[in-house]
Amino acid sequence: MLRIENIKKTFNPRTINEKIALNGVDLVLNDGEFVTVIGSNGAGKSTLLNAIAGVWLVDEGKIFIDDVDVTKLPEDKRAKYIGRVFQDPMMGTAADMWIEENLALAHRRGLKRSLRQGISNSERETFKLLLKEFDLGLEDRLSTKVGLLSGGQRQALTLIMATLQRPKLLLLDEHTAALDPKTAAKVLDVTEKIVRKSQLTTFMVTHNMKDAIIHGDRLLMLNNGKIILDIKGEEKKKLTVESLLEKFEQASGEEFSNDAAILG
Amino acid sequence: MITLSNLISRIPGGIAQGIIWGIMALGIYITFRVLKESDLTVDGSFATGGAAAVMMITSGISPWIAVICSFLIGILVGCVTGLIHTKMKIPAILSGILVQFGLYSVNLHIMGMVANVSCNPSKNNVFITMRSIPKAILVGIIFAAVLIAIMYWYFGTEQGCAIRATGNNERMAKAQGINVNNMKVIGFALGNGLVALAGALMAQYQGFSDVNMGRGAIVIGLAAIIIGEVLSEIIFPKGCQFFTRLIFVIIGGIVYYLIMIVVLWLRVDSNDLKLATAVIVMLSLAIPNLKKGE
């Protein structure tokens, strides 16, 4: 369970570039809940995700994961609870290391790094079976450098890595934005499979309204660093792009300013 | 006189020194290739290793213990650079320069405020000396082999993999819960440990330690690494294992030193050697970048 209490973050305070990125966000995500997060450019979607991940510390407010106060924990300590996939396919994996080495690193997320061997034979077998399950054609390429994979394969691998050790929270930061539509659909498919199979509490930021509507059981819309819409249950199932835009304009009094989100 | 026999007679000594420079280059490999940082501490820590070893050996301590102590002192020096970099947020290259600069005074203190302390092999107990070059080569090879085996094992452990991930992709490493600052400090420490160990071997080999003996060590180390990589690409065009790459670092050190011997044999003014080395290293670093068209 994720609980956020009135978090605030201002970048470059007291300078000409001052930007209030998060302006009092409250949120409770229940166990197993899959929430999609959308908003216009600069609304604070990725900022909220980074605040949860601990990329930097928030100015005010509290963040709890399963009732543990993580507000002051640095990124690498918080990683114990959190699986993450980035927008940039290059970001989630170590390019010069093998597929199996990347998986083994992820398998030890949040654990102490000892002088035991970095990867065991039984792990190799597990990884092989796991990769086979997702049908990415990677199961026989365990000792291939990740840098040689395509963007889509790298994102799918990052997803598997993020969930190899069951995270209390899965954070997806526009993880299909850099992929072509066909690959994006495949990665979303893998996402849906993984999230549903392990009933992961998931926070998926997306730039694509359709994806936000199709996927997940709850939808958040951000504007000017605040959550302005929170739609769940039956209401979420009935959403269309048009009705969502209408709701946005009612809630914010502005027009939605992200063409890619509407057209994509 | 420029005669072939003169050149040939110098080759064994060149190989022995090349192996020691190659061992030093293994240390630089950890920071430069694994962590992908440029650590300039080594110019100081190489001399620190030599100074510490000579002072211990001349006071009757076993040369083996002296070499191990030099290694540990090198680790300490590397920790200082690593902590300045990670805790004080000073760029790695500048942290190294600062420590290297400060070590000059420390090294003089270690040597009792004398710039050069001799360690005569006929009066002191040493295990690697230019008086017996075949034995020196053998001892050098054994050291290199043991160190390569340990490095190969270590970078396959959980901790070693975490260091490699840190050098590869810091954001990914953090997302996997790796404390990247700790990994960097460990990397700098191990790198300088090996460099100081090589300094201890070199001081024994040449029979003295000198406060300036590490000058240019970083450039020689980079030259060894790059020459080794070029050779390995020629021999294994499809790439090779980490283990083999480390062996090629040693080979690179040997080849670098043999090139120097040939150049000296051709009566090139030794004062021009540093400029020549710098240009060669610069070009070797530049060529892969220019090929990529970046």
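Sequence lines set the chain letters: A, B, ... in the order given, protein chains first and strands last, and positions in each chain run from 1.
- Annotation: A/K80, atom NZ; neighbour count of heavy atoms from other residues, nucleotides and ligands within 6.0 Å does not exceed 12.
- Heavy-atom pairs under 4.5 Å with chain B were tallied for A/G83, A/G92, A/G110; the largest tally goes to A/G92.
- Heavy-atom distances place no part of B/F155 under 4.5 Å from chain A, backbone and side chain included.
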Checklist entry - When you look at A/E75 and B/N179, which way does the side chain to side chain contact (heavy atoms under 4.5 Å, CB included) test go after all the steps? => result CA-CA 9 Å; A/E75 195 176 354; B/N179 185 328; over 6 Å; no
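- Here CH2 of B/W153 is found 4.5 Å from CG of A/L115. Values are rounded to the nearest 0.5 Å.
- Of the listed residues (B/G160, B/A175, B/A173), the greatest number of heavy-atom pairs within a distance under 4.5 Å of chain A belongs to B/A175.
- Between A/Q117 and B/E158, every side-chain heavy-atom pair lies at or beyond the 4.5 Å cut-off.
- Most heavy-atom pairs under 4.5 Å with chain A: of the set B/A162, B/A165, B/G156, B/G167, this distinction falls to B/G156.
- By the neighbour-count criterion of 12 heavy atoms within 6.0 Å, atom NZ of A/K193 is densely surrounded, having more than that number from other residues, nucleotides or ligands.
- Without hydrogens or angle criteria, A/D96 side chain to B/N168 main chain gives no donor-acceptor distance under 3.5 Å.
- No salt bridge links B/R171 with A/D88; every basic N to acidic carboxylate O contact stays at or beyond 4.0 Å.
- In this structure, A/R108 and B/Q176 have side chains that are not in contact, with every pair of non-hydrogen atoms separated by 4.5 Å or more.
- Here the closest heavy-atom approach between residue A/G118 and residue B/C161 is recorded as CA-SG, 4.3 Å.
- Contact of the B/T157 side chain with the A/R116 side chain is not registered, since no non-hydrogen atoms from C-beta on lie closer than 4.5 Å.
- Enclosure of atom CD in A/E133 by more than 12 non-hydrogen atoms of other residues, nucleotides or ligands within 6.0 angstrom is indicated.
- Inter-residue side-chain proximity for A/L105 and B/I178 is flagged as met; some heavy-atom pair is nearer than 4.5 Å.
- Using a 4.0 Å cut-off between charged side-chain N and carboxylate O, B/R164 and A/E101 make a salt bridge.
- For A/T93, the part lying under 4.5 angstrom from a heavy atom of chain B is the backbone only.
- Residues B/N182 and A/R113 fail the side-chain proximity criterion, which asks for heavy atoms closer than 4.5 Å.
- Using a 4.5 Å heavy-atom cutoff, the side chains of A/R84 and B/K174 are not in contact.
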